[in-house]
Amino acid sequence: MPSGASIALRPDLGLAARAWPFEEARKILARVERKLAKGEKVTEVVLETGYGPSGLPHIGTFGEVARTTWVMHAFNTLSPIPTRLIAISDDMDGLRRVPDNVPNKDMMTANLGRPLTSIPDPFGTHESFGHNMNARLRAFLDNFNFDYDFRSATQEYKSGVYDNALLRVLSKYDEVMKVMLPTLGEERQQTYSPFLPVSPRSGKVLLAKVVAHDPDRGTITYLEEDGSEETVPVTGGHCKLQWKPDFGMRWAALGIDYEMYGKEHYPSAPLYNAICKISGGEPPEQFMFELFLDDKGEKISKSKGNGLTIDEWLTYAPRESLALFMFQKPRVAKRLTFDVIPKAVDDYIDLLEKYHANETSEADRIDNPVWHIHNGNPPAERYPVSFALLLTLATASNAHNQNVMWGFIKAYAPQASPEANPGLAKLVDFAIRYYEDFVRPEKKFRPATEKEHAAFLDLAAKFEAMGDARDPKAVQDVVYEVGKAHQFEPLRDWFGALYEVLFGQTAGPRFGSFAALFGVKETAVLIRRALAGEFVAAAAE
RNA sequence: GAGCCCGUAGCUCAGCGGCAGAGCAUCUGACUUUUAAUCAGAGGGUCGAUGGUUCGAUCCCAUCCGGGCUCACCA
């Protein structure tokens with residue numbers, strides 16, 4: 001998904017488009033027009049997306065950035081106002097739990113509670129744990145060519161970008177508390193403060209009881225872990241805000257116009273909005289998307305480790321298919337499991353075909369998901385066969401290599417070749433991998449009976465004597481003769497035995513065609529390996 | 001408890017104001033030196049229920065029933 005491609009300004013199309021990114025973009029446009037009507041200057045539109053960097057980027061991270069990017073590009077068709085996507089990392093959060101997948105756990109444990117950017121990097125490669133996680137996040141986003149403006153929360157707090165908004169929160173402390181307290185349990189109400197001081201003594205982000213706040217001096221006074229009082233400024237990175245106030249304050253401080261979030265944030269949105277207003281901002285346009293479910297219908301989360309990882313998806317299908325899956329119905333909770341992959345790939349192929357069809361109008365093109373997925377510039381390549389067909393071919397012929405697959409493909413699309421259809425070539429690899437990992441393990445190979453064994457040996461010998469025969473009919477004749485010679489009656493039992501013993505399935509491709517494509521010599525090898533019991537043994541593992 | 005999503009053919013889902021659709025599955029036929037692929041065709045749905053808006057509702061609105069998720073401690 002190359003980004004940065006310039007999006008053509010086409011308000012005529014964008015205003016009428018029905019695809020959801022356009023609906024969102026029109027919300028932003030209305031916001032801009034509202035501001036202009038009030039006499040405000042609008043020099044750019046800022047979209048935001050945020051991450052908790054205590055874990056590795058995951059499939060949801062991809063979805064969030066991709067979706068926000070699509071809205072941004074849709075807006076680019078509507079308005080010449082420049083846009084920017086801020087990707088902010090909450091790297092000032094205190095470390096609450098030592099992640100499972102890091103080394104130096106003792107060191108990490110000793111640093112619990114400190115900001116992620118104040119903890120040494122357990123991998124030893126970066127300035128801090130937070131820096132390392134940020135680097136991984138950026139590498140991940142760069143790998144997809146997203147166009148974004150990276151921000152570190154630590155940097156934002158320390159550099160003073162938030163100072164005005166923070167002082168504002170301090171000066172309206174009671175108002176903030178009035179918003180927050182009703183949402184808290186009784187116990188938490190006793191100790192709650194929107195400000196979390198970073199202890200000058202321990203370096204930890206403290207959930208401390210605040211005993212006094214001084215708007216004039218810009219400080220709060222709180223109880224340290226040992227019960228003594230300590231006073232710190234709220235500015236300059238000496239305090240961070242609790243997450244809900246943080247969300248709202250950040251909107252105000254950075255002038256965010258648009259943000260998406262998962263369903264779990266939805267109930268808190270009114271709070272974010274209230275804090276944003278208190279902090280002197282106007283809450284951004286927002287969009288809630290549904291969460292992904294695993295095969296049991298449960299929410300996918302990093303900690304549970306259920307559902308698909310992004311690497312898993314990209315092992316079996318191209319990224320376009322993943323992008324399409326993210327594009328479709330963001331407000332519906334969808335199952336994210338392996339079996340949705342083939343359909344996503346074929347939907348993509350169909351949509352790409354429709355996009356390029358002569359009868360497709362410009363209006364339809366801009367509504368087509370592939371327009372969004374490819375940032376307004378879908379590739380010209382077409383796919384003469386579907387992924388489902390490739391999977392069928394791989395299954396039917398027990399294919400483990402590209403040559404056999406291409407032999408079949410050319411039977412359907414004579415013009416196709418790995419050189420002319422690089423996308424299809426990748427799809428062939430994906431299909432083989434999918435077959436190897438999901439279909440093949442389900443196959444049930446059986447050993448040959450004595451009668452079959454003799455016939456198979458005969459067939460293998462005949463094949464070996466055929467040299468480089470390529471004529472499907474001639475090869476099929478040999479297969480037929482051998483079956484007759486060994487008195488299989490009806491003859492279909494003979495073919496059935498071939499499929500069951502060689503392919504581990506009860507049906508398959510026309511055997512002569514397969515052997516001709518696969519090579520008679522190679523087929524002979526296949527037969528001998530089957531007779532040696534290799535396939536039965538492999539299946540038993 | 002509050003909020004959100006879903007309920008359409010056996011299964012998975014698309015459609016979201018104008019004669020009910022796709023893929024898979026099933027069945028029939030063609031082709032075949034096979035049971036695959038391919039091709040042709042068929043069956044199968046009071047579009048969860050009830051009211052309302054409309055010339056017209058699967059689609060919009062309301063209520064209800066059923067299923068699921070999220071939040072309620074922390075981010």
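Note on naming: letters A, B, ... go to the chains in the order of the sequence lines (proteins, then strands), and numbering restarts at 1 for each one. A quick note: this is a predicted structure, and the numbers were derived from the prediction, not measured.
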[N] to [M] separation - [atom1] atoms, rounded to the nearest Å:
N: U54(B); M: C61(B); atom1: C1'; value: 12 Å
N: A40(B); M: A22(B); atom1: P; value: 14 Å
N: U26(B); M: G10(B); atom1: C1'; value: 9 Å
N: G52(B); M: G43(B); atom1: P; value: 35 Å
N: C16(B); M: C60(B); atom1: C1'; value: 9 Å
N: C31(B); M: G44(B); atom1: P; value: 27 Å
N: C47(B); M: U58(B); atom1: C1'; value: 4 Å
N: U8(B); M: G45(B); atom1: C1'; value: 7 Å

With sequence neighbours left out, write down each residue that passes side chain to side chain contact (heavy atoms under 4.5 Å, CB included) with [X], or none if nothing qualifies.
X: Thr61(A); value: Tyr51(A), Pro57(A), His58(A), Leu137(A), Phe140(A)
X: Pro53(A); value: Ser89(A), Asp90(A), Asp91(A), Leu116(A), Met133(A), Asn134(A)
X: Glu23(A); value: Arg26(A)
X: Leu457(A); value: His453(A), Arg528(A), Leu531(A)

Glu353(A) with Arg382(A): basic N within carboxylate O range, under 4.0 Å: yes
Measure [atom1]/[X] against [atom2]/[N] and give the value in whole Å, please.
X: Lys244(A); N: C74(B); atom1: NZ; atom2: P; result: 7 Å
X: Tyr272(A); N: C71(B); atom1: OH; atom2: C1'; result: 10 Å
X: Arg250(A); N: A75(B); atom1: CZ; atom2: C1'; result: 11 Å
X: Lys354(A); N: A22(B); atom1: NZ; atom2: C1'; result: 10 Å
X: Leu184(A); N: C74(B); atom1: CG; atom2: P; result: 7 Å
X: Tyr261(A); N: C4(B); atom1: OH; atom2: C1'; result: 12 Å
X: Phe287(A); N: C4(B); atom1: CZ; atom2: C1'; result: 13 Å
X: Asp246(A); N: C74(B); atom1: CG; atom2: P; result: 15 Å

Heavy-atom protein contacts under 4.0 Å, nucleotides 5-17 of chain B, coded B base, S sugar-phosphate only, - none: SS-------SSB-
OP1 or OP2 of C74(B) versus the side-chain N and O atoms of Arg188(A): is any pair under 4.0 Å?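 So the side-chain polar atoms of Arg188(A) do come within 4.0 Å of the phosphate oxygens OP1 or OP2 of C74(B), strictly under.
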Heavy atoms under 4.0 Å, any strand shown: does Glu481(A) hit a base, just sugar-phosphate, or nothing? nothing
What pairs with [X] under side-chain hydrogen bond (donor to acceptor under 3.5 Å, both in side chains), at least two apart in sequence or on another chain?
X: Tyr355(A); result: none
X: Asn111(A); result: Arg114(A)
X: Glu452(A); result: Arg446(A), Thr449(A)

Wobble G-U and Watson-Crick pairs count when both distances are under 3.5 Å; given that, what is the 5' to 3' dot-bracket string of RNA chain B, with | for pairing to other strands? ((((((((.[[[[.)..(..]]]].(((((.......))))).....[[[[[..)....]]]]])))))))....
Proximity of Phe327(A) and Trp20(A) rings by center, below 6.0 Å: yes
Using the six-membered ring wherever Trp is involved, compare the ring planes of Phe338(A) and Tyr316(A) and label them parallel, tilted or perpendicular (cut-offs 30° and 60°).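 Because their plane-to-plane angle is over 60°, the rings of Phe338(A) and Tyr316(A) count as perpendicular.
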Per nearest nucleotide of RNA chain B, the residue lying toward the 5' end, Tyr266(A) or Thr183(A), is Tyr266(A)
